[in-house]
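Take a look at the structure set out below.
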Amino acid sequence: MADLSLEFCGVKFKNPFILPSGIITEIPEHKRAIEAGVGGVTLKSLTFEKREGNPLPRLWKYEHGLLNSVGLRNAGIEKGSREIAEFINEHKGKSVILVSLFSTRLKEFVVLVEKIVPLKPEFIELNLSCPNTEDELGRSLGMEKGGAGKVVKVVKKVSGKIPVLAKLSPNVTDIADIAKECEAEGADGISAINTVGPGMVIDIEKRKPIIGAKKGGVSGPGIRPIAVRCVYDIFEAVKIPILGMGGIEKWQDVVEMILAGASLIGVGTATYTKGMKVYQELEKDLLEYMEKNGIKNISEIVGAAH
Ligand code: DHB
């Protein structure tokens, strides 16, 4: 019998499907993915200060996916960490919980991690790659060579036993190089990819960009070949496991991402087009594919395209 359960960084998952960060913005709302049977949920990135978010509209559907510029809307470290604590207490054991953190300052990253460690999430994911914060916050640290590694290094000193994932941007010259630097500084795994771009859509009647912040990160099926290539490159460069995501909608996309080198599979934008039921559909279809091909566990085919 084929079986979807797996271990990633020593943590058990009932299936490989993960809700990526930012698809849902309000902390209590993430329970919808848990109720849908997802293997893990990544909460919206927490920042040091409270952030109201960017002007509306923050989200726009185009024919091959979504553009979004939420502007890291979240309650900030004090209220946000209380909400996260409550969420973890209520849902621990039903699904793996990954807490996402964002900052452009090393010291703030350390304080955020120190605040989150006592709440005992199964993972900490470092968002090193938001495409929407250049103005007030400065560029994401993971976009510069050396930056991502520096964050991982300081975070690993305070993260204790909680595995740390570095979430990387495709909008760099060499994502594999950045993954290697994260691995060298002690990252336990890599999440890839964050959104592409930023991109822009223009209302041709109004002759103005549609998104409130004008530009937004691009997700959805249009970016899938970029995500597959990034995961493939990272798999060649590092030994730590990969949470692969970017435009995955169907079981064929899941298999492709696993063959490229991913052990866990993020599915986010597809929840907009298909609803949360996409997770159950993917589980059923992936199991069927495994049965047909005599695969007992997906670990047998991780990276098989290399
Ligand atoms: C936002 C953050 C991200 O990491 C991303 O990829 C896209 C949007 C945001 O909150 O604006």
Side-chain angles (χ1 to χ4, degrees), residues 18-27 29-30 41-62 64-77 80 98-104 108-109 112 123-144 147-148 151 165-172 175 178 182 190-201 209-224 226-227 230-231 243-248 266-272:
I18 307 294
L19 175 78
S21 180
I23 296 294
I24 293 174
T25 48
E26 307 306 313
I27 300 293
E29 282 297 300
H30 290 83
V41 286
T42 321
L43 306 183
K44 175 70 183 168
S45 297
L46 180 72
T47 59
F48 195 77
E49 306 286 350
K50 173 187 165 111
R51 292 175 57 87
E52 294 296 341
N54 284 338
L56 302 172
R58 298 187 178 123
L59 196 79
W60 197 258
K61 243 184 188 169
Y62 85 113
H64 303 296
L66 290 179
L67 271 81
N68 94 84
S69 186
V70 171
L72 293 166
R73 176 181 165 81
N74 79 99
I77 187 165
L98 303 87
V99 169
S100 169
L101 304 175
F102 178 89
S103 180
T104 54
E108 270 184 19
F109 254 126
L112 284 164
F123 285 88
I124 289 173
E125 182 179 81
L126 305 171
N127 179 353
L128 301 170
S129 47
C130 172
N132 296 329
T133 59
E134 289 206 11
D135 306 344
E136 334 94 78
L137 286 173
R139 250 166 104 75
S140 278
L141 285 163
M143 317 288 281
E144 314 287 351
V151 180
L165 307 181
K167 184 159 182 187
L168 303 184
S169 169
N171 315 316
V172 293
I175 193 170
I178 297 179
C182 291
I190 301 290
S191 298
I193 57 176
N194 209 321
T195 52
V196 172
M200 182 182 279
V201 278
I210 295 176
I211 295 273
K214 297 195 173 83
K215 305 170 193 176
V218 186
S219 64
I223 72 163
R224 202 180 69 243
I226 300 173
C230 285
V231 168
L243 159 48
M245 67 195 103
I248 292 167
V267 178
T269 302
T271 64
Y272 277 90

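Atoms within a ligand are numbered from 1 in the order they appear, just like the ligands themselves. Values in this document were obtained by computation on a predicted structure and should not be read as measured data.
Among V218, V196, T195, the one residue that satisfies the side chain to side chain contact (heavy atoms under 4.5 Å, CB included) test with P170 is V196.
A donor and an acceptor atom, one from each side chain of N194 and S169, are nowhere located under 3.5 Å apart.
Closest heavy-atom contact between N54 and G71: ND2-CA, 3.3 Å.
Within ligand 1, the atoms closer than 4.0 Å to a non-hydrogen atom of L72 are 9 (C), 10 (O), 11 (O), numbered from 1 in the order shown. Under a 4.0 Å criterion applied to the non-hydrogen atoms of N127, ligand 1 contributes the atoms 4 (O). Listed by atom number, the atoms of ligand 1 under 4.0 Å from S69 heavy atoms are 11 (O).
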Before you tell me yes or no, could you show the steps for K44 and V70 under side chain to side chain contact (heavy atoms under 4.5 Å, CB included), namely the whole-Å CA-CA distance, both residues' side-chain angles and the distance that decides it to 0.1 Å? CA-CA 10 Å; K44 175 70 183 168; V70 171; 4.1 Å; yes
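The nearest non-hydrogen atom to atom 11 (O) of ligand 1, considering only G217, G216, A213, G71, comes from G71. If you check each of V218, I193, T195 against atom 7 (C) of ligand 1, the one with the closest non-hydrogen atom is T195.
Ligand 1 lies nowhere less than 4.0 angstrom from a heavy atom belonging to G22. In this structure, K44 is part of the shell of residues with a heavy atom less than 4.0 angstrom from ligand 1.
With a heavy-atom cut-off of 4.0 Å, N194 touches ligand 1 through its side chain alone. Contacts between N54 and ligand 1 below 4.0 angstrom, taking non-hydrogen atoms only, are absent altogether.
No side-chain donor-acceptor contact under 3.5 Å links R73 to the backbone of R51.
Atom CG of residue L43 and atom NE2 of residue H30 lie 5.0 Å apart, to the nearest 0.5 angstrom.
Taking E49 as the reference, nothing meets the salt bridge (Lys or Arg N to Asp or Glu O under 4.0 Å) condition, with sequence neighbours excluded.
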